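The structure under discussion appears below in the form of structure tokens.
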2 protein chains.
Amino acid sequence: MNVTPESRVKRATIEDVAKLAGVSRQTVSRAVNDKAEIDAETKKRVLDAARSLNYRPSRFARGLIRQDTTTLGLIISDIGNPFFPELASGVLRAAQARDWQVVLYDTGEDPEREVLALSTLAAQADVGAGFLTSPEVFAHAERLGVPFAVLDPGWDAGAAPGVGIDVAGGVRLAVRHLAAAGHRRIGMVDGAADPRDKRRTSFLAVARELGLEVGEDDVQSAPRSVEGGAEAIGVLRARKPEITAVFAYNDILAVGAVRGLKAAGVRVPEDFAVVGFDGLPLGELVEPPITSVYVDIRRMGELAVAAAAELLAGRTPEPVVLSPELRVRGSA
Amino acid sequence: MNVTPESRVKRATIEDVAKLAGVSRQTVSRAVNDKAEIDAETKKRVLDAARSLNYRPSRFARGLIRQDTTTLGLIISDIGNPFFPELASGVLRAAQARDWQVVLYDTGEDPEREVLALSTLAAQADVGAGFLTSPEVFAHAERLGVPFAVLDPGWDAGAAPGVGIDVAGGVRLAVRHLAAAGHRRIGMVDGAADPRDKRRTSFLAVARELGLEVGEDDVQSAPRSVEGGAEAIGVLRARKPEITAVFAYNDILAVGAVRGLKAAGVRVPEDFAVVGFDGLPLGELVEPPITSVYVDIRRMGELAVAAAAELLAGRTPEPVVLSPELRVRGSA
DNA sequence: AGCGCTCCCGTGAGCGCTCACGGGCTCCGA
DNA sequence: TCGGAGCCCGTGAGCGCTCACGGGAGCGCT
């Protein structure tokens, strides 16, 4: 599997240490795990032998016996997007509290890499959690037999365990806010790969529900980056000059949109309003600060670990859906 | 160790599957790892049995035999600081290329938690890399016998393997830039816990080298957060009104300093200049964009993995020191 | 018929460690 | 003198899996 098969110095075993110290395996074990029933002097001799051989007990052999260490595999889309460190922060905290290990997989939103990550995760971790682009990928997790807690699926998770976000509710807050400010033509800067994505479909549904005129061409897709957002807002305004506000898929795109607008000489929020999604701390640092649909992402991470723990215990975790709230800052 | 001892459903073994399918262990193994020498029908029957028992091979038993999977333990200080996701990004990429696993430890700059992380890392990973606050903590790693690549130690790493940053060179770029712009009284917003920290000591040394008047009270310590930076700049200016520019320990603090200045009605860079360190993408998004000492952090992550690979092979990695460059943006 | 081949499948051993034992030694009190 | 209690240490077994074998069944060939 290793692309570059590298030499790997073979490690000393407990037997090697025992031989060098002139004792039995068991005595070495006693010394290393400092248990009782060992003479202080013997212990010292064993420890010295261990050091000189650079001995470290094999985690595999040890794990085989005491099945205590738990490893959680966390799948994220892009660690470059501040959303995910925020999430990881919550996961890490909860994992540490339970004395769990966390192994990280970054898939770059690529379904193939998601499947790959899922496969190695299934082999290396006890349980998984994270973001999967489509129900098909999740099905693969089930096929592998790994317990997996799905996070904020843009798609309809159905009975899949995990923690969700009330996306429709959040989008409603955003669009209502824009409509209340008098905007009648509202567009969207979309960042989803899958057209079935909830943020997109919710936006369309909510806008129509509010009696706004909106169609597919009021939505402009973009890569989830600041540059993507800036470019998308340009394209969208060129196509639909009547638009006076946008709802962005996330805060990164919102920041990009604001930048694009400012660069084009458009004043925000006076001439054009922007609302983001996620409520990242980053949004407060830019000028103007981004009005956004806030979600407690850290808590989402903690809840993910809790759900994973339930799965591990063979239980079905209670479905959790986080309710977003609108944080009105400066951009709308 | 587990704070909350939770029930954990015990997993089916290869024996269970063999019994249910009416075959031997070996045949199950052949089916699961899809190897040759097995009848298609038998394979299907075994796989069905495996599925019905929810069988997944134990990574411990498997790892005991084929010693191929490598796990890297990555120790970072605070995933909430954008610097670390940036680094993790590089590590993850390099690790993925080698088919390594990455387990993540966040220590919050707490020496005790660093030692703790080091201990579990020693037990759970093959090799480590990351940030350690002091040489004393690194000594603990050596005592444990874990190969460890130290990243950008603020302290003098001496012969410790890893990848460093030419901090003094970077600081020189920053202070020279400020001095060239006419600033004669330059302060520092420090974020280091340890007073021996290189960024701090280099600042003092470089400033004096350039003939600037500078003392300990021109340095204001602060927690490494935006708020910390904002507060520190206030304290510093109250104490030393003659200061017209600051060098910040990192970009987060620089952003905070700029915010603090703007809130106080001070114009940046017209009335007061700020230079950061790290050159994070975040710095470009704020107003004005942060002039900063840029370091290729992603590359640092990749080099860390390379160093770890060398250590794993029993070799001594060549010392690497990254050379920063000044990125002049708007704040100075 | 007998040989050799292919196709399947099973058996022992062992990876490195810990757990449950068992056993020798010294010392002390009856 | 001897039993019983520590104290220290070693010996088998086994965790769950894979690797190197070995072997039976079925086939075609001479």
Side-chain angles (χ1 to χ4, degrees), chain A residues 1 8-47 49-50 53-71 120 122-126 144-146, chain B residues 1 8-47 49-50 53-71 120 122-126 145:
Chain A
M1 252 302 189
R8 167 86 147 283
V9 64
K10 87 170 184 333
R11 276 158 51 160
T13 75
I14 198 173
E15 199 77 41
D16 300 327
V17 179
K19 223 170 290 173
L20 182 61
V23 295
S24 73
R25 299 183 318 248
Q26 180 59 14
T27 302
V28 175
S29 176
R30 277 190 268 254
V32 171
N33 305 328
D34 53 24
K35 290 196 186 172
E37 307 196 6
I38 184 171
D39 185 75
E41 205 150 327
T42 315
K43 184 169 178 175
K44 186 184 176 313
R45 204 178 57 226
V46 171
L47 256 24
L53 291 178
N54 210 324
Y55 168 72
R56 270 191 307 148
S58 151
R59 69 171 176 284
F60 295 117
R62 191 172 262 179
L64 201 51
I65 305 176
R66 349 190 288 216
Q67 329 244 42
D68 48 6
T69 53
T70 311
T71 302
T120 64
Q124 305 294 342
D126 301 297
L144 287 167
V146 220
Chain B
M1 255 297 191
R8 167 84 147 284
V9 65
K10 85 169 187 335
R11 277 157 53 158
T13 75
I14 198 173
E15 199 77 38
D16 299 329
V17 179
K19 223 171 290 175
L20 182 62
V23 294
S24 72
R25 299 181 318 246
Q26 181 59 13
T27 302
V28 175
S29 176
R30 277 190 269 254
V32 171
N33 305 328
D34 53 24
K35 291 197 183 171
E37 306 197 7
I38 183 171
D39 185 74
E41 204 148 329
T42 313
K43 183 169 178 174
K44 186 183 176 313
R45 203 177 58 223
V46 170
L47 256 26
L53 291 178
N54 210 326
Y55 169 72
R56 269 190 308 147
S58 150
R59 70 171 176 283
F60 295 116
R62 190 173 266 179
L64 201 50
I65 306 176
R66 346 190 291 215
Q67 330 244 42
D68 47 4
T69 52
T70 309
T71 303
T120 64
Q124 305 294 341
D126 300 297

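Predicted, not measured: the structure shown is a model, and the values here were computed from it. Lettering follows sequence order; numbering is per chain, from 1.
Heavy-atom nearest nucleotides on DNA chain D were determined for B:Q26 and for B:F60, and the one closer to the 5' end corresponds to B:F60.
The separation between B:I14 atom CD1 and D:dC19 atom P is 11 Å, rounded to whole Å. Rounded to whole Å, atom P of C:dA20 lies 13 Å from atom CZ of A:R66. Distance NZ (B:K43) to P (C:dC8): 11 Å, rounded to an integer number of Å. To the nearest angstrom, C1' of C:dC17 lies 9 Å from CG of A:N33. In this structure, A:I65 atom CD1 and D:dG12 atom C1' are separated by 14 Å, rounded to whole Å. Summarising the geometry, the separation between NZ on B:K19 and C1' on C:dG10 is reported as 16 Å, rounded to the nearest angstrom. At whole-Å resolution of the value, CZ in A:R59 and P in C:dT18 are 15 Å apart. Regarding A:R62, its CZ atom lies at a distance of 16 Å from the C1' atom of C:dC15, rounded to whole Å.
Under 3.5 Å, the side chains of A:T71 and B:R59 contain a donor-acceptor pair of N or O atoms. In this structure, a donor-acceptor pair under 3.5 Å is absent between the side chains of A:R30 and A:T42.
Side chain B:R25 to base C:dT11: no donor-acceptor pair is found below 3.5 Å. At a cut-off of 3.5 angstrom, the base of C:dG10 holds at least one donor-acceptor pair with the side chain of B:R30.
Terminal axes of the helix from C:dA1-D:dT30 to C:dA30-D:dT1 (five pairs each, C1' rotation axis) are separated by 70°, to the nearest 10°.
Phosphate contact (OP1/OP2 of C:dG10, side-chain N/O of B:T27, threshold under 4.0 Å): present. Note on B:T42: every side-chain N or O is 4.0 Å or more away from OP1 and OP2 of C:dC8. Checking the phosphate oxygens (OP1, OP2) of C:dG10, a side-chain nitrogen or oxygen of B:S24 falls inside 4.0 Å.
Proximity of a side-chain donor or acceptor of A:N33 to a complementary backbone N or O of A:K35 within less than 3.5 Å is not detected.
To the nearest 0.5 Å, atom CG of residue A:L53 and atom CD1 of residue A:I14 are 12.0 Å apart. With values rounded to the nearest 0.5 angstrom, B:D126 atom CG is found 7.0 Å from A:R56 atom CZ.
Distances from the side chain of A:K35 to the nucleotides C:dG10, D:dT18, C:dC19 place C:dC19 closest. The nucleotide whose nearest atom lies closest to any side-chain atom of B:I38 is, among D:dC9, D:dC17, C:dC9, C:dC9. Nearest nucleotide to the side chain of A:E37, out of D:dC9, C:dG10, D:dC19: D:dC9. For B:S29, the side-chain atoms get nearest to D:dT18 when compared with the rest of D:dT18, D:dC9, D:dC17. Considering only the side chain of A:A61, C:dC17 comes nearest among C:dC17, D:dC8, C:dC8. In this structure, the nucleotide among C:dC15, C:dT18, D:dT18 sitting nearest to the side chain of B:L64 is C:dC15. Of the candidates D:dG10, D:dT18, C:dC17, the closest approach to any side-chain atom of A:S58 belongs to C:dC17.
Summarising the geometry of A:N54 relative to B:G145, their closest heavy-atom pair is OD1-O, 3.4 Å, with the distance given to 0.1 Å. Across all their heavy atoms, B:F60 and A:T69 have their closest contact at CZ-OG1, 3.8 Å.
Only one option out of B:L20, B:D16, B:V32 pairs with B:Y55 in a side-chain contact (heavy atoms from CB on, under 4.5 Å); it is B:V32.
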